[in-house]
Engineer: 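Pasting a structure below so you can have a look.
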Amino acid sequence: MAMMISSLWQFCLLSLLLSYAVVELQASHLVYSDLQTTQLTSTQPQAKDPYRTGYHFQPPKNWINDPNGPMIYKGIYHLFYQYNPKGVVWGNIVWAHSTSTDLVNWIPHEAAIYPSQPSDINGCWSGSATILPGGKPAMLYTGINPQNQQVQNLAFPKNLSDPFLREWVKVPQNPLMAPTLANQVNASSFRDPTTAWLGPDKRWRLIIGSKRHQRGLAILYRSKDFMHWTKAKHPLHSKEKNGMWECPDFFPISKTSSVGLDTSTNGPNVKHVLKVSLDNTRKEYYTIGTYNISKDIYIPDKGSVESDSGLRYDYGKFYASKTFFDSAKNRRILWGWINESSSVNGDVKKGWSGLQAIPRTIVLDKSGKQLVQWPIVELEKLRTKEVTLPSTVLKGGSLHEVFGVTAAQADVEVAFEISDFKKAEVLDPSWTNPQILCSKKGASVKGGLGPFGLLTLASKDLKENTAVFYRIFKSQNNYKKYVVLMCSDQSRSSLNQDNDMTTYGAFVTVDPVHEKLSLRSLIDHSIVESFGGEGKACITARVYPTLAVDGDAHLYAFNYGSESVKIAGSAWSLKTAKIN
Ligand SMILES: *[C@@H]1O[C@H](CO)[C@@H](O)[C@H](O)[C@H]1NC(C)=O
Ligand SMILES: *[C@@H]1O[C@H](CO)[C@@H](O)[C@H](O)[C@H]1NC(C)=O
Ligand SMILES: *[C@@H]1O[C@H](CO)[C@@H](O)[C@H](O)[C@H]1NC(C)=O
Ligand SMILES: *[C@@H]1O[C@H](CO)[C@@H](O)[C@H](O)[C@H]1NC(C)=O
């Protein structure tokens, strides 16, 4: 068995090397990188594929997963990502690479990191970029060694004058961090190094995802020179019953402003965020807390829920996310991998699997108790043909079509106003799980105050639609207190039953008595990314309509509650971005 695996890998490696030789050969003939782009784009089966997106990041074909090493260098944004050059399922993973000047349009480059030395010969897995003092980027990533152990490696750009940083050189000292008998690190659960941060003692620190039995661990390493790393005696943080922590992300966030902070920032006006991706459930959660640099520990704020029933960036499909500090615009930007909800057969038919979410800026909410996310402002450049929805009363049981927008590729921003709360249903105290509540009370279940919201990617006969909506409940012990539920109901999203059509839900911490209830949905053929309460709750869904495709897709506003609500807002058709 071991023999077979190793010869299989040798074969893969050989073919990988061969295929890279070909790519390199091709690239050396193509002097203009935009020609390369055109050539790659023209091989896309775009015209016939109803699910290919118009403005989400994806390569022309094949499997992608985690975003890796996002950063900005000399005014150019870089995104690397886990990519299988050979197929639509996970395997043969390399770091594919694209760059952009606006985070919307992207040009592809050759793979930046691929198996080439013993410490990564069996795989180049996820990692993060750190910008060293003086501006030089350093890339730390997980390699799989000949014993199939997970180890941490370092690579630098070959030519710092090349703003595209097309070539990367691995340091000969690799691996820089490895499991040993002495350090007791689990060699099968030791991956995804974060961006490193510099302490006041001039030592670098980073964390690596791990577990011991079912305790999730953020293993802490320190270094004076970025080359020699020592494991700290204690993890930065850990939590029982979490299982493996993948793709940890640890960063500071300002308590007083919406400006993003460099990862090494700390001080009295700074909180810290720790996000982990749970391998057991394929969901992420984050906590907000305090980083005590003298003890080198992170302490989540009192009341933090440290499981996937806690705070999440996204209550739908969204995994292996990673932030970076955009020093050009002083903001922190979040990337996240959006997996398919189709069957593998569906993926084979499409010829691709996986997307990246629209990058989101993240800031701390006024309450200090959660983050708020919003699509990067640059996306608005794609908006065209604004259709305004003048303030309209949506009576109970009504449906209004939004005409004049390309409903399969659109950006919709509406706000609801409620003046009468009498008909709000009472929230049963046992309804603590918003996803289950949304599944029980889907869009077709009539209510008092709600469901009201949008029917996206809807067919004319409404047989297919993805409903993004609110329901407002009054709390049982305080009738003046309201609970806002946001749902994304995929149960009618496609006539094709092979897809995962799970309904998602989240509670949104807005006060509907004093605030308008906003809803923004980014609709892009097979994805609906929704932002409730101005970014306090986000839900991303993957859907595969069979009727509501391209020009046959419609957009509606609806209210299936008995109480009227007021709606106003705008919808835009979105232009297609130039992506890879
Ligand atoms: C480095 O990149 C710059 C800019 O692309 C280029 O002009 C130069 O020739 C490169 N140097 C080497 C050694 O490749
Ligand atoms: C180490 O990780 C592997 C892979 O998840 C797991 O099977 C094993 O139980 C782990 N060992 C310990 C001691 O946690
Ligand atoms: C960090 O921990 C030390 C030692 O317990 C304590 O004296 C200090 O106040 C803590 N600092 C912060 C910022 O919590
Ligand atoms: C991706 O989606 C498929 C289909 O819904 C599911 O079976 C799989 O577990 C998902 N994987 C991850 C990592 O989310």
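In this chain, numbering begins with 1 at the start of the sequence shown. Indexing begins at 1, ligand by ligand and atom by atom, following the structure's order.
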Engineer: Tell me the closest heavy-atom pair linking Ala138 and Phe156, and the distance in Å.
Structural biologist: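 So the minimum-distance heavy-atom pair works out to CB-CE2, 3.5 Å.
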
Engineer: May I ask you to identify the nearest protein heavy atom to atom 14 (O) of ligand 2, giving residue, atom name and distance to one decimal place in Å?
Structural biologist: His213 N, 2.9 Å

Engineer: With only distance considered, is Ser188 within less than 3.5 Å of ligand 2 through an N or O on each side?
Structural biologist: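 Between Ser188 and ligand 2, no N or O pair is found under 3.5 Å apart.
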
Engineer: Taking distance alone, with N or O pairs closer than 3.5 Å, would you say Asn159 contacts ligand 1?
Structural biologist: yes

Engineer: For atom 11 (N) of ligand 4, which of the options Asp500, Asn65, Asp347, Asn339 provides the nearest non-hydrogen atom?
Structural biologist: Asn339

Engineer: Can Ser100 and Asp102 be counted as having a side-chain donor-acceptor contact under 3.5 angstrom?
Structural biologist: yes

Engineer: Please tell me if atom 9 (O) of ligand 1 is touched by the protein, where touching means a protein heavy-atom distance below 4.0 Å.
Structural biologist: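 No, no protein heavy atom sits under 4.0 Å from atom 9 (O) of ligand 1.
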
Engineer: Does ligand 4 come near enough to Glu340 that some N or O of the ligand is less than 3.5 Å from an N or O of the residue?
Structural biologist: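 Yes, since at least one N or O of Glu340 sits under 3.5 Å from an N or O of ligand 4.
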
Engineer: So Asp489 and Tyr504, side chain to side chain donor-acceptor pair (under 3.5 Å) or not? Walk me through it.
Structural biologist: CA-CA 7 Å; Asp489 178 352; Tyr504 307 122; over 6 Å; no

Engineer: What protein heavy atom sits nearest atom 13 (C) of ligand 4, and how far off is it?
Structural biologist: Arg282 NH1, 2.9 Å

Engineer: Could you tell me which non-hydrogen atom of Gln58 sits nearest to which non-hydrogen atom of Trp352, and how far apart they are?
Structural biologist: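 So the two residues come closest at NE2-CE3, 3.2 Å.
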
Engineer: Could you check atom 7 (O) of ligand 2 against the protein and tell me its nearest heavy-atom contact, residue, atom and distance included?
Structural biologist: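 Heavy-atom neighbour on the protein nearest atom 7 (O) of ligand 2: Lys211 NZ, 4.9 Å.
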
Engineer: Any donor-acceptor pair under 3.5 Å linking the side-chain atoms of His237 with those of Glu306?
Structural biologist: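 Indeed, the side chains of Glu306 and His237 share at least one donor-acceptor pair under 3.5 Å.
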
Engineer: Could you identify the single nearest non-hydrogen protein atom to atom 5 (O) of ligand 1 and state the distance to 0.1 Å?
Structural biologist: Asp162 CA, 4.0 Å

Engineer: Look at atom 4 (C) of ligand 1 and say which protein heavy atom is nearest, naming residue and atom and giving the distance to 0.1 Å.
Structural biologist: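 Going by distance alone, atom 4 (C) of ligand 1 is nearest to Ser161 O, 3.4 Å.
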
Engineer: Which of these, Asn280, Leu217, Asn186, Val185, has its nearest heavy atom closest to atom 1 (C) of ligand 2?
Structural biologist: Asn186

Engineer: So do Leu165 and Met71 actually touch side chain to side chain, heavy atoms under 4.5 Å?
Structural biologist: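 In short, these two side chains touch, coming nearer than 4.5 Å.
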
Engineer: Return yes if a side-chain donor-acceptor contact under 3.5 Å exists between Ser119 and Asn153, otherwise no.
Structural biologist: yes

Engineer: Counting each atom of ligand 4 from 1 as listed, which ones have a heavy atom of Trp337 under 4.0 Å away?
Structural biologist: 13 (C)

Engineer: Among His525, Lys349, Lys350, find the residue that satisfies the side chain to side chain contact (heavy atoms under 4.5 Å, CB included) test when tested with Tyr51.
Structural biologist: Lys350

Engineer: Does the residue Trp90 have a heavy-atom contact with ligand 4, meaning some pair of atoms that are separated by less than 4.0 Å?
Structural biologist: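 Not so, Trp90 does not reach ligand 4.
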
Engineer: Tell me, please: is Lys317 in heavy-atom contact with ligand 4, that is, under 4.0 Å?
Structural biologist: yes

Engineer: Applying the salt bridge (charged side-chain N to carboxylate O under 4.0 Å, His left out) test to Arg191, which of Asp120, Asp66, Asp279 qualifies?
Structural biologist: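 Answer to the salt bridge (charged side-chain N to carboxylate O under 4.0 Å, His left out) test with Arg191 among Asp120, Asp66, Asp279: Asp279.
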
